[in-house]
Each structure stands twice: as structure tokens, then as C-alpha cells.
Amino acid sequence: MSHPEQHRGRWRPRLDRPALVALLFGLAGVGYRLVLTVFTVPVSNSDEATFGLAALHIAQGRERPIFLYGQHYMGVLESYLAAPLVAVAGPSWPVLRLPMLVLYAVFLYLIYRLTRRLCTPWFAAFVVGLLALGPERVVRDQLTVVGGRPEVKPAVLLMLLITVGLAVGTVHRRRLAIGLFGLLVGLSVWSDWLILPYLAVAGLALLWAVRRELLGWSGLLLVAGAVVGVAPMIVDNLRAGPGEDSLSVFREVSTKVGPQPPWSDRIRGGLLEGVPLAHGLCPVDGCGRWQQWFGVLYPVLLVAGAALAVLAYRRAAGPPGGERTARATPRAERVGPVVQLALIAGAALTLLSYVRSPLAATSPLDNARYLSVLQLSLPAVLWPLWVAALTAWRGTSSVLGRITGALSAAVLAALTVTTLVITVLFAATGTAASRTEERQARELAAALRADGPHEVYGDYWTCNRLIFNTDESVVCGVLDADLSPGQNRYRPYWRQVGRAERPGYVVEAGSPMDRRLRRLLADRGDATPVREVGGYRVYHPDTPVRPWR
């Protein structure tokens, strides 16, 4: 990656050309996302606001949440990362998202380091260039504070780099590194269970690399690190009532009652919609047929990547029938193929887990975010294409090999061009709607903060965002469209609005809740003051209106 250079008595690293290109790509990707962060693009929502409110409560010393308010299975590590910034600068969306931007930069750096060690420097720079691009679906998973994915991806990459370093012998404090591996496992389990397939394969890779060491103090440090990382989750589950432990709640959320879609529909939704969306090949509203080609090709690339890794492992293991001593078959030469196999297996298990869910068929656009962790496997998935293209370019293959190489180069070019086009279209035309919605939300918050009412009812997607935008000077209780109590994640807000002598209503103009509320007030003959702010209607009845009581 760099070479030492003496300059006027000072030691300075000098980047080689692939590292310099990767650095420029990385800076472009971080700068692009920094601009989006400043303008709160993609648009914020109440899920993200709940993490923001948790960060605010942590910063103020009021709460020490373990899971997202109202849940028992998604950790709030992102809230703890944002809490110091919120304490200094106050609650705002750019402040809340800034740690996610840092995590993205760390992700780029780590995936470059890992890809360079497993493959080649120029291929590592190419991977960074692809990951620097990002249409709405991709940057939403990277920048918005909605739990899990931004932090677990760097964690897995660091685990794999630790494994490579231990196998190669470049890690000197081996026990400390293994303990850090365990800590990352525990934090990832607490943060987001979607990463479990990658944790499993990373653990197997570590077991392969240092299996003898794990029988002693290193193994104890590994377990201790994992226990420390997952300790918040253990504490919460010990205190939870029957049916409220993480596993029970997660099973209930994941299990949908009713007829299951056929496997063909789930595979179609997972491959043809989920995979291209997760890799930035489609706009957020779905994939056209011409954009679904990568989903069709993806299983083929997984098989090719696995075959290439097995072949590399066998070559590193020495000739068949030869003497396979530790010196003739060094673990350092075989760790690369092992880690590549781990990345392939992680992607395959994640994809299989996703298509088992009925949501892959019934709502592929909304749930493609669960496949964003597939970016971890991008180097292993694209490596066969790069090898075939490079071999053909050097002219060292047969006619069939040249044809395969030309097709591989065409696929890599198509992947790059498609991602670039979708990114440019989003940056040029796709941000206006987000900025308009954010402006309306700020107008509503400013109006209520200045003139009241300060205790209101609203729908789920209005309430917590309104509370965060007003720094809790306006408190909102969540109602469903039929004006019955809804999903109130933080119960003290609901109780505070319930005690208000004259609560208001904030509803989106023309929504079902708006129409139902107008009918209810007309039946009461109540001349309720109404004003419109930023696409919302604010009702402030003279007497409390709580039809569920």
C-alpha cells in the first residue's frame, strides 16, 4: 500500500499508484456523502428519530437504553456513538448521521486493505471505486441511523483482517487481537442479528487459522471479549419477562401468519430486486428488467468465486501426494482462499436467509435493505470476473479464455456504468423530494415550537421526527389511522400527552386520519381551530378529544 521514503530527515509513507487511486475514490465517496449528510438526504423518518432521541437521552444522562425503544432485539450502538456529538451540538440530523459517515470511511479503508491482501492492489482500488458510488438505496443504508448495518460491516472486515494477520504472522499481540475479535463478535450480535451468517463464517476462518491457540488463554480471551460485547443484551434478557426476551420477540417479528408465497416468488424478489438494489444498480422505486441482470448472474458468480478459492487453496496446499509439511504448505499462503470462501459463504447464507422470508416476495423494495451486508462479499464475488478479464488482456489464455475474458470485462464495465448512471441520476434529480419533505417537517416543528400546541397526537411517521426536530419541546403521542393508540416506542411521551388538558392533533392533510378526525369533530359540533403548516393540518380542540377512552 505504501513505501517508506526519507525526506529531509523525516520518514514519510509514499503511496503506490493503486493506493493513491483508491484514496481519491474514497475521498470522493466520503465527500459526496458529506454533502448528502449536510442536506439530510436521504429523508429522515421516525425510526431514525427514535435512535436520535435515544442519543439525546444518553447525552443528558436520562436513559441508558440497551435496545431501540419499544424493541428487544436491535441494539442502539449508533445512539451511543452519536450521543457525545448531540451533547455538544444539540439534536440535528447531520450531527446524528456524522458517526455513520465515519463508519462508512472506515468500511472503505478496511475493505481496501482486505481486498489488497486477498487479491491485487488494482482490483482493491476498483472495489473502492464501486463502493464510492451510491444511489438512494445504498446511501440510505450507509448514512441513516436505523440500526446495525453501518457498524457491523466494518466489524466483520476487521475480524477477517485479524484472521489474515494471525495466519500470516504480522500480528504480534496475538492474544489481544483474538480478544478484540471476540469483542467485535459480541458487539455485532448486540447490534444487528442480520450479520450472524458473516459472524459464523468469520468464526470458522479464525478457528482454521489459530485452532491450537484457542485451546489456551487465547480461547478464554475470545470468549471473554464476546461476553463483554454482548453483555448489554444478556443483561436485558435476564430482566425480560416471559416472551419478551430477544429471541422470542425476533421470532414473533420474523414469523408472518398466513399463506406463504411460493419459493419461486421469493427467489425472484430476492435475486431480481434485492440483489441489484443492494448493489446500487436500481433506483429506489424498483428495478427495470434491464437492471435485473446482476441478480441473475449473482449465484453464478458465487459458485465461480468458491471454485476459484478452492483451486487457489489446493495450489497453496502443494502438489497431490506430496509431503505436506507446515513449511511446504504455509498457512499464510492458504488464508487468502479461506477468507474468500468465508465471504462467499456469508453472502450465500445471507441470501438464503432473506429468500426464506415471505417479505422477499411480498415487499422486495422495502426489505432490500436487509441485503446491504452483501457489499462485504463484493471482492470475492467480482474476483473471478477480474481474473478472467486480466488473463485475456495479457493474452495468456486460449480462444475460449479470451472470449470469457472479454465477456467478464464487459460485465465489470456494465456494473460500473450502471451504478454510475443511477448515482448521477439520484444526485441530479432524486434529492429534491427529500429536501422538500425535510423543509416541510422543519416548518411544522418551528410552528409548533413557537405557537403550540406542545402536546399533540399524530401518526407514527410524524411523531418521533417532530419530537426530535423540536428537541422535545413538542411531545407527540402515536395514533393509528382509526384514532386508536398506535406504536408508542417511548411510553413517557404518550403519558405526557395523555395528561395534557388541551392536546392538539397533527395530521397529514388529506390522510385517512385527517378525514376521520374532521368527521369526529363535526359530529361534536366543535369549532376547532385549524391551521395548515408544511402539508400538515394542526387541530387544537377546545376540549380534549380522546375517542379511545
Side-chain angles (χ1 to χ4, degrees), residues 40 42-54 56-57 69-70 90-93 96 433-549:
T40 317
V43 67
S44 62
N45 59 49
S46 279
D47 280 345
E48 186 176 17
T50 307
F51 279 92
L53 292 168
L56 178 62
H57 298 164
Y69 293 140
S92 71
W93 300 109
L96 183 64
S434 294
R435 297 180 65 180
T436 298
E437 184 176 342
E438 284 298 329
R439 185 182 67 253
Q440 292 176 338
R442 288 195 300 268
E443 290 174 357
L444 174 65
L448 293 184
R449 193 169 190 169
D451 303 322
H454 294 97
E455 291 88 12
V456 298
Y457 291 104
D459 66 16
Y460 177 79
W461 296 111
T462 299
C463 272
N464 278 11
R465 182 162 69 163
L466 175 61
I467 299 170
F468 185 77
N469 278 333
T470 61
D471 193 6
E472 294 189 304
S473 64
V474 175
V475 178
C476 186
V478 178
L479 299 177
D480 288 333
D482 61 355
L483 302 183
S484 62
Q487 186 181 14
N488 286 275
R489 290 189 176 275
Y490 190 62
R491 298 297 296 181
Y493 294 147
W494 173 260
R495 291 192 290 267
Q496 182 176 339
V497 179
R499 293 191 299 265
E501 295 181 359
R502 191 187 169 200
Y505 277 82
V506 177
V507 296
E508 188 177 351
S511 65
M513 182 182 290
D514 183 23
R515 294 192 295 269
R516 188 174 183 88
L517 182 61
R518 291 174 74 89
R519 289 196 300 268
L520 178 63
L521 294 173
D523 293 342
R524 289 179 37 161
D526 194 341
T528 300
V530 181
R531 70 183 192 272
E532 295 199 12
V533 183
Y536 294 87
R537 288 197 177 106
V538 181
Y539 296 84
H540 199 190
D542 292 331
T543 57
V545 178
R546 297 185 176 99
W548 59 91
R549 291 188 176 178

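The first residue of the sequence shown is numbered 1, and numbering continues consecutively from there.
Smallest separation of non-hydrogen atoms from Ala445 and Leu466: CA-CD1, 3.8 Å. Minimum interatomic distance between Gln496 and Glu455 (heavy atoms only, all atoms of both residues): NE2-OE2, 4.1 Å. When every heavy atom of Val507 is checked against every heavy atom of Met513, the shortest pair comes out as CG1-SD, 3.3 Å. Pairing each heavy atom of Tyr493 with each of Ile467, the nearest pair is CD1-CD1, 3.6 Å. When all heavy atoms of Cys463 and Gly477 are compared, the closest pair comes out as SG-O, 3.4 Å. The two residues Thr50 and Asn464 make their nearest non-hydrogen contact at OG1-ND2, 2.8 Å.
Expressed to the nearest 0.5 Å, how far OH of Tyr460 lies from CG of Asn488 amounts to 10.0 Å. Going from atom CH2 of Trp461 over to atom OG of Ser44 covers 11.0 Å, rounded to the nearest 0.5 Å.
Contact check for Pro503 versus Pro453: no side-chain heavy atoms found under the 4.5 Å cut-off. Side-chain contact between Tyr505 and Val545 is present, with heavy atoms from C-beta onward closer than 4.5 Å. Residues Leu444 and Asn469 fail the side-chain proximity criterion, which asks for heavy atoms closer than 4.5 Å. Between Arg449 and Asp471, the closest side-chain pair of non-hydrogen atoms falls below 4.5 Å. The shortest distance between side-chain heavy atoms of Asp47 and Arg489 falls below 4.5 Å. Glu438 has its side chain within reach of Arg465: a pair of non-hydrogen atoms, C-beta onward, lies under 4.5 Å apart.
Residues that satisfy the side-chain hydrogen bond (donor to acceptor under 3.5 Å, both in side chains) test with Tyr69, not counting sequence neighbours, are His57.
Of the N and O atoms on the side chains of Tyr539 and Asp514, at least one donor lies less than 3.5 Å from an acceptor on the other residue.
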Apply side chain to side chain contact (heavy atoms under 4.5 Å, CB included) to Tyr536 and Glu443, showing your working.
-> CA-CA 10 Å; Tyr536 294 87; Glu443 290 174 357; over 6 Å; no

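A donor-acceptor contact shorter than 3.5 Å is absent between the side chain of Arg531 and the backbone of Val538. Put simply, the side chain of Arg537 never gets that close to the backbone of Val506: no donor and acceptor are under 3.5 Å apart.
Environment of CZ in Arg502: crowded, with over 12 heavy atoms of neighbouring residues, nucleotides or ligands closer than 6.0 Å.
Between Tyr457 and Trp494, the two ring planes are perpendicular [angle over 60°; tilted spans 30° to 60°].
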